[in-house]
Protein chains: 2
Amino acid sequence: MDAATAEARLLDAAEALFNERGVQAVGMDAIRSASGVSLKRLYQLFPSKDDLLEAVLRRRDETVRSGIERATAAHESPRERVLAVFDHLEEWFGQDAFRGCSFINAYGELGGVSPGVADIARANKRSLQDHFATLLAAAGTPAGHTDRLAAQLAVLANGAMATAGITGSQDPARHARDAAKTLLDAADVRS
Amino acid sequence: MDAATAEARLLDAAEALFNERGVQAVGMDAIRSASGVSLKRLYQLFPSKDDLLEAVLRRRDETVRSGIERATAAHESPRERVLAVFDHLEEWFGQDAFRGCSFINAYGELGGVSPGVADIARANKRSLQDHFATLLAAAGTPAGHTDRLAAQLAVLANGAMATAGITGSQDPARHARDAAKTLLDAADVRS
DNA sequence: GCAGGGGGAGAACGATCGTTCTCCATCGAT
DNA sequence: ATCGATGGAGAACGATCGTTCTCCCCCTGC
């Protein structure tokens, strides 16, 4: 097995286990067993558990960003693109392994003691809000209003993730989408 | 020191430390040092760390419920009472020790391995949504709409907590409040 | 004054974890 | 065929943690 596939297998296994049980409850042996990669190789590629965790979060960050990008690109108007984000959330929440947003969870567990984890979580949440702002700017909304509306939409999306994680239901995505529609209507973002 | 004050000191110390560093990063020795209660007494009152954690979360649940109750009771109309919840959040987010919602954080860290923690978090979030529903029902909103609107407001509140925790800012509370106002307007909850 | 019991300080214990090390099998190059 | 390097399996190590135990002090009832 070459280094690239070993790394991918490690990130896959670690991501799944961290998602399922949290970070600190997962031992390096469990990651080794699940990935089929030896401890020696593991520590060659990721010198510490922190390094592995941050690599997992960085890859996950890239995954969710491109997933949202792809979901919004499939629609034409800014309004539909904003709503597509919430449709994307609903689909995500329906997956079997869904147990909340990795960044919200990792921040809750380690944000207080690991600045690296806190930074990655912050960056991911900022990128979500920036994405909303970009979509709204294309609708020709006045600049002052887009930032406020983007912040409100980000709060809705994060609330959907947190609520869906805890309750284990997809409903929060639909409620967030409905609320987003109301906010877009009120801001006169109709196309 | 009698049992009641020992218990209170333990819950205070554990709550502060869990909030600051997460649950698993806090050793029982740290709780003993911070509380000034001996390990023997600690284990007499709480036979395991899990018991202590659940007691902390249950007390915290009572605290946030009564805090929201008190904040809403200070206002007259259903609309103002709903908005008072978000003012209450903003004040909370401004506290120095604020590091996100205990239930969202605890669920992220332990919800996957501890059904007790997951249950308490679920109950807390359900009570928040129920509270919104009760406030809206008093406004005479049609029953079908109150549940949907209450769910949307709960998503907003949870999103404010998650976003404020990660970004360390009070702004999400104001954005959530603004969004809530828009939703109330759209649902014609004007008093 | 004294026996006894409850509580405090902290050592001790067993388990687990992150990390490193040992030993051995494999394999390509000469 | 032999050498050297590579990597795998898993033991070993040191630290930490949850939990229990030991020892001693102090207080109370007679």
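Keep in mind that the numbers below use all heavy atoms, side chains included, and drop hydrogens, waters and symmetry copies. Naming convention: chains lettered A, B, ... in sequence-line order (proteins, then strands); numbering from 1 in each chain. Every value quoted in this text rests on a predicted model; they were computed, and no experiment measured them.
Screening residues 160-169 of chain B for salt bridge (Lys or Arg N to Asp or Glu O under 4.0 Å), with sequence neighbours left out, gives no hits.
For B/F103, the ring-ring contact (aromatic ring centres under 6.0 Å, His included) criterion is met by no residue, not counting sequence neighbours.
The residue B/V37 sits apart from the nucleic acid: no heavy atom pair falls under 4.0 Å. Residue B/K40 is classed as a base contact, given a heavy-atom separation below 4.0 Å to a base.
You'll find the side chain of B/L110 reaches within 4.5 Å of the side chain of B/Q24, heavy atoms only.
Atom-to-atom, OH of B/Y43 to P of C/dA9 comes out at 16 Å; the value is rounded to the nearest Å.
Mapping A/G27 and B/S38 onto DNA chain C via the closest heavy atom, the residue that lands nearer the 5' end is B/S38.
Each of B/V23 and A/V117 belongs to its own hydrophobic cluster when Ile, Leu, Val, Met, Phe, Trp and Tyr are linked at side-chain heavy-atom distances under 4.5 angstrom.
In this pair, A/F98 and A/W92 present their aromatic rings perpendicular. The plane angle is above 60°, beyond the 30 to 60° band.
Under 4.0 Å is where a charged nitrogen must lie from a carboxylate oxygen, and between B/D61 and B/R65 at least one such pair does.
For DNA chain D, the contact window with chain A, defined by any atom under 4.0 Å from a protein heavy atom, covers D/dG7 to D/dG10 in 5' to 3' order.
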